[in-house]
Enquirer: 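First the structure, then my questions, so here it is.
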Amino acid sequence: MFQQIEKSIAAAVAAHIQIRYGVDFPVLLEQPKQTDFGEIAIPVAFQLAKQLKKAPRAIAQELVAELPPIAGVSGLEVAGNGYINVRLDRGLYAAGLLSGDAAASAPDTAGKIIVEHTNINPNKAAHIGHLRNAILGDTFVRMLRAMGTEVEVQNYIDNTGVQVADVVAGFQHLEHKTPADVAALIANPGRPFDYYCWDLYARVSSYYDGHPEAKQWRAETLHAIEANQGVEAELAHMVADAVVRAHIATMLRLGVVYDVLPRESEILHLQFWATAFEQLKERRAIHFETEGKNAGCWVMHAEAFLDSGATGEEADKIIVRSNGIVTYVGKDIAYQLWKFGLLGKDFYYREWVVYPNGHRLWVTTDQPQTATPRFGSAARVFNVIDSRQAYLQYVVAAGLRALGYTKEADRSIHFSYEMVALSPRTCVEMGIELSEADQRKPYVEVSGRKGLGVKADDLIDKLIENALREVDARHPEDPEEKRREVATQIAVGALRYFMLKFTRNSVIAFDFQEALSFEGETGPYVQYAAVRARNILRKLADRGLALPDFRSALGREAFARQLAQEDLWQLLLALSKVDVAIARAVDSGEPAHVARYAFQLAQSFNNFYHGYPVLAEQDPEKRVFLLWMCDYFRSQLDRTLAVLGIEAPEYM
RNA sequence: GCGCCCGUAGCUCAGCUGGAUAGAGCAAUUGGCUUCGAACCAAUAGGUCGGGAGUUCGAAUCUCUCCGGGCGCACCA
């Protein structure tokens, strides 16, 4: 609705400028800083001033005087030194919202988008840094889907890498465990396997520090994994599969789901790299070095991807090592090519798990399968990866460009975000000993290698526990199962909102006290507003009254009367902008915008809630109107919360 | 050394493509529960938008420079 009016205003003004001044000018609209300036501001006079060599205010006055009437607009006025402020016809606007005039937005035809997120090394439990990645990625996916875009969600599994190898080495050489022993650990419900690996990985890492010669375990294990034989390979598969299952379960607790898990093992076994390697050699995107420090390696020359700065051997990027083994970047180039359907190969797929809602998650396999879906071949790709890997992402895109795929390189988007670190206070709470250097820092980096971090499941458990205490205190009479369900919804709301309220390039210094808060700008605050609206409607039913038929009871005139009240109009206007908020967040790639929008809606509604006792309202028209506001608020906030992956509990 | 990011209220952060009096939350002080349940609301106080220069009708926002902090720059991923 709002977008339609904006469009017609922009078109009308542009058309008039064309006729009146003979210039083509894109008309941009703004949101006025202050609500009493109207609903929309047109700053076009400022831009025209230069071209027409005329005072902005004079141009604005001419435009206001001469513009033909625009549907839905009740008035235009000149303000400041050249703004044109637009006043909407409130009654007409509200009536339009009620009748659902807002035509469904046209489905996106730009093609499928792949969003890759989570990507946790399958050798340890997920921690808060991974949560930021998954929640950011999942929310972005929900935003895109809300806009009608086809999205495929991939979670890349590096099951043949160094990190898995280290844990395998730990099982073999530090714990002398057989595959049967490890199978028993995986089956043990008493201690989650990903937690076990968390500790073991830290132990192996510190053992390496004291015994550098032990690093040959890693080399041997990697070798075995690559050849796909021996106990090492067997253990690697067991570890990776079990840990991935744990990650999938952890993320499901937060409503994060995937479509497909592409695995590195298949990239290797199905010769994805070999195919990409041929392309790269053929198109001379990489070069074999016969001398210098990179002798024996295949490298991408720095000139290919650096515009300026250091070039030459130092800056060249090694793609294939002198021992013939491809680097991560090389594999990633192959994977990225596949995502765009440029590799000329595909994986086979088998079902990994069926989610409770029936959605199927697929995993890649090297064994031919029948009747499975197809993945890949997207028009655009978003890789949700933290900003520390910007350089590598840049090299991958450069690889595509070097192959001549400039369009695809441009459509390979590194959806970057800053890391989650630990606040000094939280480190103290967790009993983490800090080095002197760390103590001086404003925050401490999480490290899986050191086992330094807050595990995702621990945090979720703690949040649920806290929420449950509150729920228990308020609703002791309710069955425990129900209370736990509500507490879980609150916990998830708190966590998802916490991770989303920061813009992407702000470092989060994770602080327990802050993350566990349910007051102020938090998920539960927003959920509470939704619950309140629902309570009003439920109370109505409890009193044996039916929800009025809004369409017959409320017309343009009634709306105009009620919306003369400024705060009510402002609330309604804000509520009507869900799609605007989502579209803006998609354009800027900033899920935080949707989170903030939800918070503002909740804030406005809480204000309304205090100012207008809906059920006690005596005036019949006003009462119906207020009920409609509650109903409309509830439905608009639900849509917004759905995009954020947050549910509104039945009660709070 | 080179590259990227950040510096806004005591603290944590918003501020959309430069626009009209810089906004939230927390913390502080004060007031509000007669159930549409206070996980809330209202009010007060709190800012030279790191410093300086420039661009222009206009700069927290763009450019340059300096200061302070973070992260990258492996034959690890």
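Proteins come first, then strands; the chains are lettered A, B, ... in the order of their sequence lines, and each starts at number 1.
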Enquirer: May I ask you to say what A/A79 touches in the nucleic acid, namely base, sugar-phosphate or nothing, with a heavy-atom cut-off under 4.0 Å?
Expert: base

Enquirer: Could you list the residues that satisfy side chain to side chain donor-acceptor pair (under 3.5 Å) with A/Q31, not counting sequence neighbours?
Expert: A/K577

Enquirer: Let me spell it out: for each of A/K331 and A/H610, pick the nucleotide of RNA chain B with the closest heavy atom. Which residue's pick is nearer the 5' end?
Expert: A/H610

Enquirer: Closest to the A/R474 side chain: B/C41, B/A20, B/A39?
Expert: B/A39

Enquirer: With RNA chain B as reference, determine whether A/E470 or A/D158 sits nearer its 5' end, using the nearest nucleotide of each.
Expert: A/E470

Enquirer: Determine the contact category for A/P43: base if any of its heavy atoms lies under 4.0 Å from a base atom, sugar-phosphate if only primed atoms, P, OP1 or OP2 are that close, otherwise nothing.
Expert: nothing

Enquirer: Can you tell me the Watson-Crick or wobble partner of B/U56, both distances under 3.5 angstrom?
Expert: none

Enquirer: With respect to A/D166, which candidate in A/Y201, A/Y208, A/W217 satisfies the side chain to side chain donor-acceptor pair (under 3.5 Å) definition?
Expert: A/Y208

Enquirer: Looking across every strand, which nucleic acid part, if any, lies under 4.0 Å from A/A616 by heavy atom: base, sugar-phosphate, or nothing?
Expert: nothing

Enquirer: Using a heavy-atom cut-off of 4.0 Å across all strands, would you classify A/R538 as base, sugar-phosphate, or nothing?
Expert: nothing

Enquirer: Write down the protein N/O and nucleotide N/O pairs, taken from nucleotides 6-8 of chain B, whose separation is under 3.5 Å; answer none if there are no such pairs.
Expert:
| from | atom 1 | to | atom 2 | distance (Å) |
| --- | --- | --- | --- | --- |
| B/C6 | OP1 | A/N505 | ND2 | 3.4 |

Enquirer: Restricting to non-hydrogen atoms, name the atom on A/Y597 and the atom on A/A581 that form the minimum distance, rounded to 0.1 Å.
Expert: CG-CB, 3.6 Å

Enquirer: Please classify the nucleic acid contact of A/A295 as base, sugar-phosphate, or nothing, using heavy-atom distances under 4.0 Å.
Expert: base

Enquirer: Using whole Å, what does the distance between atom P of nucleotide B/G15 and atom CD of A/E30 come to?
Expert: 16 Å

Enquirer: Should the pair A/F498 and A/F502 be assigned to parallel (<30°), tilted (30 to 60°) or perpendicular (>60°) ring geometry?
Expert: perpendicular

Enquirer: Could you list all the salt bridge (charged side-chain N to carboxylate O under 4.0 Å, His left out) pairs where at least one residue sits in residues 34-43 of chain A, not counting sequence neighbours?
Expert: none

Enquirer: When every nucleotide of nucleotides 25-30 of chain B is labelled 5' to 3' by its protein contacts under 4.0 Å (heavy atoms), B for base, S for sugar-phosphate only, - for none, what sequence of letters results?
Expert: SS----

Enquirer: Whether A/R532 engages the ring of A/Y609 as a cation-pi pair (distance to the six-membered ring centre under 6.0 angstrom, angle to the ring normal within 45°) should be assessed.
Expert: yes

Enquirer: Given atom CZ of A/F605 and atom C1' of B/C41, what is their separation to the nearest angstrom?
Expert: 13 Å

Enquirer: Look at the side chain of A/H593 and decide which nucleotide, out of B/C75, B/C36, B/G15, has an atom nearest to it.
Expert: B/G15

Enquirer: Go along nucleotides 69-74 of chain B 5' to 3' and tag each nucleotide: B for a protein heavy atom under 4.0 Å from its base, S when only backbone or sugar atoms are that close, - otherwise.
Expert: -SSS--

Enquirer: With a 4.0 Å cut-off on heavy atoms, is A/I490 in touch with a base, just the backbone sugar-phosphate, or nothing at all?
Expert: base

Enquirer: If you look at every strand shown and take non-hydrogen atoms under 4.0 Å, does A/V162 touch a base, only sugar-phosphate, or nothing?
Expert: sugar-phosphate

Enquirer: Determine the interatomic distance between P on B/G51 and the same-named atom on B/A9; round to the nearest Å.
Expert: 11 Å

Enquirer: Under the salt bridge (Lys or Arg N to Asp or Glu O under 4.0 Å) rule, collect the residues that match up with A/E566, sequence neighbours excluded.
Expert: A/R90

Enquirer: Please give the distance between the P atoms of B/A74 and B/C13 as a whole number of Å.
Expert: 30 Å

Enquirer: Taking only residues two or more places apart in sequence or in another chain, which ones pass ring pair (Phe, Tyr, Trp, His ring centres under 6.0 Å) with A/Y525?
Expert: A/F599

Enquirer: Starting at atom CD of A/E650, determine the distance to atom P of B/C36, rounded to an integer number of angstrom.
Expert: 20 Å

Enquirer: Report which part of the nucleic acid A/N85 touches: base, sugar-phosphate, or nothing (heavy-atom distance under 4.0 Å, all strands).
Expert: base

Enquirer: Determine the interatomic distance between C1' on B/A20 and the same-named atom on B/A27; round to the nearest Å.
Expert: 32 Å

Enquirer: Return the pairing partner of B/A14 with a 3.5 Å limit on both distances, Watson-Crick or G-U wobble; otherwise return none.
Expert: none

Enquirer: Using atom C1' of each nucleotide, how far apart are B/G47 and B/A24 to the nearest Å?
Expert: 14 Å

Enquirer: Expressed in whole Å, how much space separates the C1' atoms belonging to B/G25 and B/C41?
Expert: 15 Å

Enquirer: My understanding is that only residues two or more places apart in sequence, or in another chain, count here; which of them pass salt bridge (Lys or Arg N to Asp or Glu O under 4.0 Å) with A/D332?
Expert: none

Enquirer: Check the distance between B/A14's C1' and A/I508's CD1 and give it to me in whole angstrom.
Expert: 14 Å

Enquirer: Tell me, please, which residues at least two apart from A/E30 pass side chain to side chain contact (heavy atoms under 4.5 Å, CB included).
Expert: A/A41, A/P43, A/Y83

Enquirer: Rounding to an integer number of angstrom, what distance separates B/G58 and B/A42 when you compare their P atoms?
Expert: 38 Å

Enquirer: Base, sugar-phosphate, or nothing: which does A/F502 touch, judged by heavy atoms less than 4.0 Å apart?
Expert: sugar-phosphate

Enquirer: A/F37 on top of B/A20's base, within under 5.5 Å and under 30°?
Expert: yes

Enquirer: For nucleotides B/G50 and B/G70, find the distance between their C1' atoms and express it as a whole number of Å.
Expert: 16 Å

Enquirer: Applying ring pair (Phe, Tyr, Trp, His ring centres under 6.0 Å), can you list everything that pairs with A/H475, at least two apart in sequence or on another chain?
Expert: A/Y651

Enquirer: Just name whichever nucleotide pairs with B/A38, Watson-Crick or G-U, keeping both distances under 3.5 Å, else none.
Expert: none

Enquirer: In whole angstrom, give the distance that lies between atom OH of A/Y328 and atom C1' of B/C75.
Expert: 17 Å

Enquirer: With salt bridge (charged side-chain N to carboxylate O under 4.0 Å, His left out) as the rule and sequence neighbours excluded, what pairs involving residues 596-607 of chain A come up?
Expert: A/E521-A/R596

Enquirer: Could you check whether A/V471 gets within reach of a base, just the sugar-phosphate, or nothing at all, counting any heavy atom under 4.0 Å?
Expert: base

Enquirer: In whole angstrom, what separates A/I464's CD1 from B/A39's P?
Expert: 21 Å

Enquirer: Using a 4.0 Å heavy-atom cut-off across all strands, classify A/E514 as base, sugar-phosphate, or nothing.
Expert: sugar-phosphate

Enquirer: Answer yes or no as to whether B/C36 has its base stacked against A/Y609, where stacking requires a ring-centre separation under 5.5 angstrom and planes under 30 degrees apart.
Expert: yes

Enquirer: Side chain of A/F518 only, please: which of B/A39, B/C36, B/A77 is the nearest?
Expert: B/A39

Enquirer: Taking 4.0 Å as the cut-off, does a side-chain nitrogen or oxygen of A/R532 come that near to OP1 or OP2 on B/C40?
Expert: no

Enquirer: Kindly say whether A/A302 contributes a backbone atom to a donor-acceptor pair with the side chain of A/D316 at under 3.5 angstrom?
Expert: yes

Enquirer: Now, which nucleotide makes the Watson-Crick or G-U wobble pair with B/C73, with each of the two distances under 3.5 Å?
Expert: B/G1

Enquirer: How close or far is atom P of B/G37 from atom CG of A/N535, stated in whole angstroms?
Expert: 6 Å

Enquirer: Write down the distance between CG (A/D567) and P (B/C41), rounded to a whole number of angstrom.
Expert: 15 Å

Enquirer: Given 3.5 Å as the limit, does a donor-acceptor pair link the side chain of A/N133 with the main chain of A/V384, or not?
Expert: yes

Enquirer: With A/R263 as reference, evaluate A/D158, A/I157, A/L268 under the side chain to side chain contact (heavy atoms under 4.5 Å, CB included) test and give the passing residue.
Expert: A/I157

Enquirer: A/D209: which residues meet the salt bridge (Lys or Arg N to Asp or Glu O under 4.0 Å) condition with it, sequence neighbours left out?
Expert: none

Enquirer: Between B/U61 and B/C16, how far apart are the two C1' atoms, rounded to whole Å?
Expert: 11 Å

